[in-house]
Amino acid sequence: VAQSSGVEECVEERLRLFRLYDRSVDIVSAFEMLFTASKTALPTFTHHFERFPRLVANDGNEATPDFTVVHDDSRGLAAEIAYLPLNDQGVDALCRQILRYDALADLQAGDGTLRAVSSVDVLLLVPQAIGPDAVRRIIHDRLLDPEHFYKPSVAPIVVQFGFDEDRYTLQRLLDPENGNFRDDGRPQDARLSEWFKGSVFVRPERFREIKAQRAFVNDPIEPVYLATHLWAKTFATLAADVDGPLPKRIEVMPVELAARLRDDHGFVRKSDVDKALGLLRLARLAEPIPNTGAWTVAWDELRPRHKDAARLIAERACRQPSTGPVTKLRKLERAKTIPPRPPTLFDDIDNQDSQVADVKLPD
Amino acid sequence: LSPRDRREEHVQHPWSSFDEWLWNTAADGAVASLREVGEHLGGEQLTSWTLITTTDAPLHRISEIAGPRTTYRRASSTELLRIHDRDGDWLATTWPSGDLNAIHVVGAVPATDRRWDRFFRWAGYASPAVIQLVLDDAEITAMVRELEHYGPVGVSRLTARVRADKSSYARGWPVSGGQERPSFDAALAEIQDVASIRTLLLHVGTSITLHLRRRAGATFYSGDFALFEEVVLRLLATTAQRRFDLLSNRRRNRGARLNTAIAVELEAPFLDDPDAVTDLLDEMTRPHHLGIAVLHRNPYLHVVVTDYADGSNFDAFVTNDDRVIIHPGYRTTAAALARFTEVVSERFPTRVVEEVSAEDPPTLEDLLTTG
């Protein structure tokens with residue numbers, strides 16, 4: 001019983017992280033829509049929206065905000081989605097991270113180029129439930145504390161997000177110490193500081209296509225999220241070129257798979273792919289080919305068929321069954337390589353049938 | 001008899017002389033034309049279902065699935081399948097429609113006979129060789145409007161599904177006592193906003209009596225068979241082909257956003273409660289080899305649909321309670337989209353399946369008010 005409840009907890013935790021990651025995909029997709037596709041003046045003043053920024057901060061560390069924006073007036077914005085840690089060390093780490101964003105001098109400007117920016121607004125996106133806490137712990141307890149190391153050039157802009165009535169609600173916290181968008185000089189309707197005087201609402205249908213095409217965000221991808229994506233989309237597409245019945249053998253190199261995902265959807269790290277394949281290995285859906293770096297995927301319908309594939313993958317990865325499509329594929333392929341015994345004078349039809357049933361499959 | 005026994009009870013129908021005649025005409029590799037078939041009916045009804053197909057031998061594929069329960073013959077472009085059903089042998093035949101991806105499956109067994117159900121169960125396993133089609137409201141109306149060119153169209157019977165509780169509704173209009181049959185519009189007005197048409201028994205002037213079915217089917221009862229073939233079956237074929245064309249060449253290209261998506265627009269906001277969304281998810285996995293991965297659920301729905309039969313995959317969204325929107329993936333065949341739209345429309349009566357803009361960007365006013 002203890003073991004099965006452990007599996008259950010494991011499944012629920014993996015699916016919780018899956019949902020959290022998907023929400024980040026939604027939030028970033030919503031902002032990508034605002035900056036690049038909305039029928040507002042904002043896209044006109046957006047030089048480049050970068051969904052997968054990779055930058056080097058002035059302390060030499062890598063800076064990977066959840067997205068960055070370069071405006072036509074050479075001002076920049078770097079955003080981070082944060083689920084505020086409970087402990088103070090965690091909040092300090094977050095402050096250290098966004099302090100690097102504040103000091104960025106160049107941002108990605110598309111086609112592999114960087115563009116110098118005169119300033120970077122740091123946009124901190126937090127769930128509605130912790131909005132006021134985020135302002136208190138980051139701005140009041142740290143930025144305004146003369147003893148604390150967190151001293152950005154200006155306060156970060158804390159915006160909370162929530163979902164109700166079929167739409168995302170984005171609200172800038174009204175605390176007087178909260179930061180604001182530096183967008184003076186732009187027309188009124190292109191100024192986020194004006195928009196965020198009240199709530200900004202985004203219905204999910206506004207970013208459907210962006211979400212379908214871009215699929216990921218800049219953070220490391222939750223293994224169940226990527227494994228599900230691979231199973232339901234990438235491997236399905238690859239399987240179409242493989243003849244024969246299910247399960248289908250698909251051989252992949254993680255580095256090539258990551259490159260394919262990048263071409264198809266944006267930035268994906270090889271380490272993300274490694275983790276997703278590792279998870280599929282626990283689920284007996286894929287296995288490494290020894291000494292090659294390549295993997296065999298045994299692509300098959302997941303059962304029970306009516307259930308959500310994400311849940312099935314999470315359940316299998318947590319349960320770690322001893323058999324699965326990988327073992328099924330192995331057995332089928334070995335059975336195929338055993339040549340049928342030539343018929344003898346003593347064989348009759350019934351005997352031949354029983355011989356088929358008696359074939360011992362090697363493990 | 002227990003309900004189960006009653007269900008099991010069945011009447012053994014004899015192999016009909018009509019089926020025998022048609023089967024024999026194909027014995028030597030030649031076969032009667034569909035027109036000759038119609039003229040040979042001798043008072044029997046003839047049911048036709050228009051299917052989407054991606055092969056020139058869909059019945060052969062079904063015969064492979066059904067195995068020894070069927071005997072297959074082909075004569076020219078017509079396929080014949082003698083089905084050895086426990087309710088009696090019967091004959092299903094396919095006739096090319098002139099449109100590449102639309103084919104008529106024809107049989108003298110009534111449309112409500114359970115033998116058709118068993119046939120379509122096999123057909124379900126034959127995807128993408130055979131895909132059933134469910135007409136939307138726009139297509140049914142367009143067909144009736146076309147029939148009106150050949151005489152006044154009267155309705156003598158209508159069956160429908162009541163939206164509120166999904167119960168069946170049937171209404172007949174007797175012609176005794178000098179009463180006239182209602183027109184299509186008048187019959188439709190009786191169920192407007194309450195129920196969705198499933199079948200219509202239509203009379204076109206004095207020339208033809210037929211049943212029109214939402215599952216892209218029609219039954220010829222009496223009158224001018226040439227009109228049935230040339231108008232009714234032709235309309236069904238062009239409708240099926242149009243649907244196939246709508247769903248074709250939708251594949252996403254590397255790294256590019258799509259300009260268009262496919263919308264299954266429902267007759268009413270059927271997806272306004274969580275149970276209906278659960279129903280929708282169940283329906284999505286009902287067909288053989290269709291699977292789902294739920295990326296987001298409650299309050300909006302985002303699922304990846306995977307067709308394990310051909311590797312097709314696409315994103316389906318429910319962001320409004322009266323439509324399902326499909327954004328194709330890097331491999332998305334028309335067959336897979338046809339199967340998916342068919343299961344949605346079968347469960348949730350559909351106003352129209354159409355192309356819509358993939359993006360619906362908001363204005364500033366939208367963003368500050370409704371989103």
Side-chain angles (χ1 to χ4, degrees), chain A residues 18-19 22-23 25-26 33-34 37-42 163-169 189 195 198-206 208-213 225 228-229 231-242 246 263-266 299-302 305-311 313, chain B residues 252 254-261 281-282 284-286 288-315 317 319-321 323 325 327-333 357-371:
Chain A
F18 178 101
R19 288 191 291 270
D22 186 73
R23 189 162 57 173
V25 177
D26 277 6
M33 182 279 296
L34 292 178
S38 64
K39 287 184 197 157
T40 69
L42 193 58
F163 198 109
D164 87 299
E165 293 184 12
D166 295 351
R167 61 194 184 179
Y168 280 99
T169 302
D189 55 357
W195 296 20
S199 300
V200 174
F201 305 105
V202 182
R203 306 183 79 85
E205 66 257 38
R206 307 297 191 183
R208 271 188 329 246
E209 172 54 21
I210 290 175
K211 189 182 180 192
Q213 198 248 318
Y225 200 85
T228 301
H229 179 101
W231 202 261
K233 289 185 170 180
T234 315
F235 295 157
T237 301
L238 291 171
D241 297 325
V242 180
L246 298 168
D263 287 346
D264 287 353
H265 300 290
W299 193 70
D300 200 355
E301 280 187 275
L302 301 178
R305 227 170 49 76
H306 64 275
K307 273 179 95 172
D308 164 24
R311 179 170 281 277
I313 288 171
Chain B
R252 184 180 290 279
R254 267 281 154 92
R257 284 189 202 167
L258 289 174
N259 294 324
T260 56
L281 291 172
D282 287 345
M284 286 180 186
T285 54
R286 183 175 54 77
H288 187 58
H289 282 334
L290 273 194
I292 53 164
V294 181
L295 296 191
H296 195 114
R297 183 176 181 178
N298 207 4
Y300 87 91
L301 180 71
H302 176 189
V303 293
V304 180
V305 181
T306 308
D307 189 332
Y308 286 87
D310 71 1
S312 286
N313 54 89
F314 46 86
D315 293 85
F317 291 87
T319 50
N320 298 73
D321 48 24
R323 73 181 65 133
I325 308 260
H327 290 245
Y330 288 99
R331 176 179 170 80
T332 304
T333 62
S357 171
E359 298 193 10
D360 180 19
T363 62
L364 184 55
E365 192 187 342
D366 292 331
L367 292 168
L368 301 183
T369 54
T370 58

*Please round to the nearest 0.5 Å and tell me the distance separating atom CG of Asn320(B) and atom CD of Glu205(A).*
4.5 Å
*For Arg19(A) and His296(B), indicate whether the former's side chain and the latter's backbone hold a donor-acceptor pair under 3.5 Å.*
no
_Sidechain-backbone polar pair: Asp308(A) side chain, Val294(B) backbone, donor-acceptor under 3.5 Å_ = yes
*For the residue pair Phe163(A) and Tyr300(B), does the interplanar ring angle fall in the parallel (under 30°), tilted (30 to 60°) or perpendicular (over 60°) class?*
parallel
*Could you check whether the rings of His265(A) and Tyr330(B) sit parallel, tilted or perpendicular, using 30° and 60° as the cut-offs?*
perpendicular
_Asp300(A), part contacting chain B, at a heavy-atom distance under 4.5 Å_ = backbone
*Nearest heavy atoms of Ala212(A) and Arg252(B), plus distance in Å*: CB-NH2, 3.7 Å
*Using salt bridge (charged side-chain N to carboxylate O under 4.0 Å, His left out) as the criterion, point out the one residue from Arg208(A), Lys211(A), Lys233(A) that pairs with Asp315(B).*
Lys233(A)
Which portion of [X] sits near chain A, non-hydrogen atoms under 4.5 angstrom:
X	answer
Ala261(B)	neither
Ile325(B)	side chain
Thr369(B)	backbone
Arg286(B)	backbone

*Using a strict 4.0 Å threshold on nitrogen-to-oxygen distance, state whether Arg206(A) and Asp366(B) make a salt bridge.*
yes
